Amino acid sequence: MSGIFEQAVRDEAALRAALAEADISPLLMVLVQLTGDMAILDEVAPHIHGAWSFLESVPEELKQKVRDRLVAVLNDYAATGRALPPRPPADILQRMMSAGVGQMVPEEYIPLLIEEMRFGDEDTRSVRWQFAPATLRIEKFHVVVIGAGLAGICTGVRLKEMGIPFVVLEKNESVGGTWWENEYPGCAVDTPNHFFSYSFNTNPKWTRHFSRRDEILAYIEATAEKYSVGNHIRFGVEVLRAEFDEADALWRVTARRRDGGFETIEGNAVITAVGQLNRPAMPPIDGLERFRGPVFHTACWDRSIELKGKRVAMIGTGASGMQTGPSIAPGVAHLTVFQRTPHWAMNNPNYHKEVNPGTIWTLEYIPYYAQWMRFQLFWASSDGFHASLQMDPEWPMPDCSLNEANHKMRELIIDYVRKELEDDKELLAKVIPSYPPYGKRMLRDNYWYRMLKRPNVELVTGRISHITKDAIMTEDGTSHPADVIILATGFQASKMLWPMEIKGRNGRTIRDIWGDDDPRAYLGITVPGFPNLFVTYGPNTNLAHGGSIIFHLECQVRYILQALREMVEQGYVTLEVRPDVHDGYNKLVDEKCRNMVWAHPGVTSWYKNRHNRVTVTSPWRLLDYWRLTRHFVPEEYRASRPGHGALIPGQEAAAVTSIERLTVG
Ligand code: NA7
């Protein structure tokens, strides 16, 4: 470690310049961690008012004091070569965290945060064998992973760590999944990037706080390469079917290769990693096929079409439209935006910012800075809004908000939008949703409102009636001429695992169980009747109150790897969630969702199916889901060994433990 300090202090001018650009809250935490000095923590803490870096008012002389002390401490570490102090105990960490984000961080979060931050070399999310691998015949166990996006790569990294043989089947020509497919202008992440990254492979070099698609794709590629997952992936292989052979306790996966040929691959277990935002939703608008110009979906961007100087019509104003519109508006002759329902969009001052060079340097060379920055962003963008998304039955304005905090947010956003629209009342009335904030996915303002003020942009809120060969017609009879139509109309999220046919026990398919759009799974991962099948980013696991989907994926992958460990170590050939455990869990999920903003009667969104059931979104706090998935509980499953019927490990009576896990931590 002294090498890092030497590197940090080699050029003191560079060090000071970097620290001057870095964020004061994580710098303060580094200083406290290296010195144990709580007095400086107490001195600075009152000037930090929130977790985002822009929410501090620390006086410059106090900042300078922190930096000077840090330079001295780093020099001392470099000179003496002494070891880093051990991770502070939980109570000190809690004090530090609370000071660092300007609010009390409850004790219950500390174990999760320690894991998420990863202070030392230990990776507590990697699953280790409990018995000696040599005795386990791991090499006879084979896993088929479907999809090489964020989930598939994470799964591959963890399978590789355990030495479990696997293949990843990917329909595209490269890794990345939805990040590979979506290359529309302005495509970017709207979760802060230093948190939207694998905990086992953080990236100090992000150039933006919210990176663009190419940088994220490069990161996914680099992860696959670094962990040698790439040579397990077969590209251009699209899975059409997976069928469970009960006699052999094997999944047979049928796939179509890019050469048009078909093949069947066998696996003891199948892990789906196909995401929810995978199959574009094409709007059933009358006449769309008659339009003479190019028509394409944001997820299938046609690079060959030059938009410059064209009259472009964009249908849809969700996350993809919000990023596409302002990115193309300056170059097109005219942009007509068709908004069916307005979305809420928040402002974040970091959204358009590049990470300054000092911060990148500090992330790389100053010990613990990356961990504290990750903590800060976790706190800023995770469970903070969860409570405000619950409906208060006493709230007097239930149509437009849910409770006091939710209403306050509504007013703050309206205030912001009003300013952005320069008090244009007509536009304001069009873009402010009637439903409560967070009802649909909360967007980040990508200069959307400024775009609407452009002379070459028109926002149409009338319903589309049909499309002619050269125009979009609205119900009021207006013709909106267009040369190109862009469909920013989202994905078929509730139709999970579609169009694959997944056949479990007794020849029943997943569609027989789920119907078209009514998926349910235990923890979003396992389904009764489908032994040895594990779903990542499955039913009710999308995050809509905050958080990073990568955090959820890591929770799921750890859980799945523990389940596979159980199979290998116990010699099970099947492992299948108990129906009562699955049903009990889903009853609870439904109850929780019913009281949350997504179920609000004034909201339609891709979070719900056509029967208004919330199928996509998780009602849990990140902390809850982390606890639920932290330990695989064998008693919640039925298992079998070769030659035996189904057996239940442990005591069935004591099995419904998942809900208890929410409170025991
Ligand atoms: P979204 O958020 O589902 O948005 C789709 C948009 O398209 C939304 O504004 C829809 O209006 C609109 N839409 C869909 N069908 C139609 C028809 N038939 N007519 C008019 N307008 C229509 O998809 P995105 O791709 O933007 O984002 C999906 C997620 O991807 C996003 O949340 C990120 O996590 C990444 P509506 O609101 O339904 O009235």
Side-chain angles (χ1 to χ4, degrees), residues 115 118 120-170 175 198-202 220-235 237 239 242 244 248-253 255 265-273 525-526 531-536 550 553-576 629-634 637 639-642 649:
E115 184 187 292
R118 273 197 72 180
D121 289 335
E122 198 198 359
D123 181 355
T124 49
R125 287 191 186 150
S126 80
V127 178
R128 298 199 172 80
W129 294 107
Q130 299 174 127
F131 303 129
T135 64
L136 294 173
R137 314 178 119 208
I138 301 163
E139 71 280 1
K140 290 209 161 160
F141 198 84
H142 188 251
V143 177
V144 179
V145 181
I146 307 174
L150 280 166
I153 299 302
C154 180
T155 306
V157 169
R158 295 313 195 184
L159 285 166
K160 192 148 180 109
E161 256 172 24
M162 292 189 81
I164 297 176
F166 68 99
V167 62
V168 182
L169 306 177
E170 169 54 59
V175 300
Y198 298 116
S199 63
F200 57 84
N201 190 29
T202 55
I220 301 171
E221 285 164 359
T223 305
E225 168 98 23
K226 180 171 167 185
Y227 294 87
S228 307
V229 173
N231 50 7
H232 291 256
I233 306 174
R234 294 190 52 203
F235 293 107
V237 178
V239 172
F244 188 66
D248 292 345
L250 278 180
W251 279 97
R252 294 191 214 286
V253 177
I265 300 126
E266 290 179 350
N268 302 81
V270 167
I271 302 174
T272 69
I525 301 172
T526 47
N532 313 355
L533 174 74
F534 303 92
V535 182
T536 61
I550 297 181
L553 292 175
E554 289 192 16
C555 289
Q556 289 151 18
V557 171
R558 167 164 61 186
Y559 181 88
I560 293 167
L561 271 277
Q562 288 180 10
L564 298 184
R565 176 177 67 186
E566 192 71 13
M567 289 187 75
V568 174
E569 291 189 344
Q570 300 296 334
Y572 296 148
V573 290
T574 65
L575 192 66
E576 182 180 348
T629 52
R630 196 174 172 198
H631 301 294
F632 175 81
V633 179
Y637 283 73
S640 68
R641 292 201 171 90

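Not measured: the values here are computed from a predicted model. Note that the numbering runs from 1 along the sequence shown for the chain.
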Minimal heavy-atom distance between T272 and T536, with the atoms involved, is O-OG1, 2.7 Å
Could you give me the CA-CA distance, side-chain angles and deciding distance for N532 and E576, then say whether side-chain contact (heavy atoms from CB on, under 4.5 Å) is met?
CA-CA 6 Å; N532 313 355; E576 182 180 348; over 6 Å; no
With sequence neighbours excluded, what pairs up with E170 under the salt bridge (Lys or Arg N to Asp or Glu O under 4.0 Å) test?
none
Rounded to the nearest 0.5 Å, what separates atom CG in L575 from atom CG in N268?
12.0 Å
Taking all non-hydrogen atoms of both residues, which atom of V168 and which atom of G147 are closest, and how far apart?
CG1-O, 3.3 Å
Candidate pair F632 and Y637, rule ring pair (Phe, Tyr, Trp, His ring centres under 6.0 Å), full reasoning:
CA-CA 10 Å; F632 175 81; Y637 283 73; 4.7 Å; yes
Give a yes or no answer on whether the side chain of Q130 reaches the backbone of E569 with a donor-acceptor pair at less than 3.5 Å.
no
Within a strict 4.5 Å, meaning less than it, do heavy atoms of the L533 and I271 side chains meet?
no
Looking at side-chain heavy atoms only, is the closest gap between R558 and I560 below 4.5 Å?
no
Residue pairs passing the salt bridge (charged side-chain N to carboxylate O under 4.0 Å, His left out) test with at least one member in residues 125-134, sequence neighbours excluded, are E115-R125, E116-R125, R125-E554
For F244, check ring pair (Phe, Tyr, Trp, His ring centres under 6.0 Å) against everything at least two apart and list the hits.
W251
If we only count heavy atoms from C-beta on, is the I153 to I233 side-chain gap below 4.5 Å?
yes
Please give me the minimum heavy-atom distance between V253 and L169, naming the atom from each residue.
CG1-CD1, 4.0 Å
Can you sort out the partners of E225 under salt bridge (Lys or Arg N to Asp or Glu O under 4.0 Å), two or more places apart, ordered by chain and number?
none
If a pair satisfies side-chain hydrogen bond (donor to acceptor under 3.5 Å, both in side chains) and one of its residues is in residues 150-165, list it, with sequence neighbours excluded.
D123-R158, R158-E161, K160-H232
V175 to E221 - nearest heavy-atom pair and separation:
CG2-CG, 3.5 Å
List the residues meeting side-chain contact (heavy atoms from CB on, under 4.5 Å) with V568, not counting sequence neighbours, and say none if there are none.
W129, L136, I138, F141
Verify the ring-centre separation between Y559 and F534: is it less than 6.0 angstrom?
no
Answer whether the closest heavy-atom distance between the side chains of Q556 and V535 falls below 4.5 Å.
no
Are V167 and V145 side-chain neighbours, meaning at least one heavy-atom pair lies under 4.5 Å?
no
Give, for atom SG of C555 and atom CD1 of I525, the distance between the pair rounded to the nearest 0.5 Å.
8.5 Å
Minimum side-chain heavy-atom gap V143-V270 below 4.5 Å
no
Residues in ring pair (Phe, Tyr, Trp, His ring centres under 6.0 Å) contact with F200, at least two apart in sequence or another chain:
Y198, Y227
Under 3.5 Å: donor-acceptor pair, side chain of Q562, backbone of R630:
yes
What distance separates M162 CE from R565 CZ, expressed to the nearest 0.5 Å?
6.0 Å
Looking only at heavy atoms, which two atoms of P634 and E566 are closest? And how far apart?
CG-OE2, 3.5 Å
Report the residues that fulfil side-chain contact (heavy atoms from CB on, under 4.5 Å) with E122, sequence neighbours left out, ordered by chain and then residue number.
T124
Taking all atoms of both residues into account, what is the closest heavy-atom pair of P642 and G571, and its distance?
CD-O, 3.6 Å
So, using side chain to side chain donor-acceptor pair (under 3.5 Å) as the criterion, who are the partners of D248 when residues are at least two apart?
R252
Checking side-chain contact (heavy atoms from CB on, under 4.5 Å) for the pair K226/N201: CA distance, chi angles, key distance, verdict?
CA-CA 9 Å; K226 180 171 167 185; N201 190 29; 2.7 Å; yes
Which pairs, with at least one residue in residues 134-143 and sequence neighbours excluded, count as a salt bridge (charged side-chain N to carboxylate O under 4.0 Å, His left out)?
none
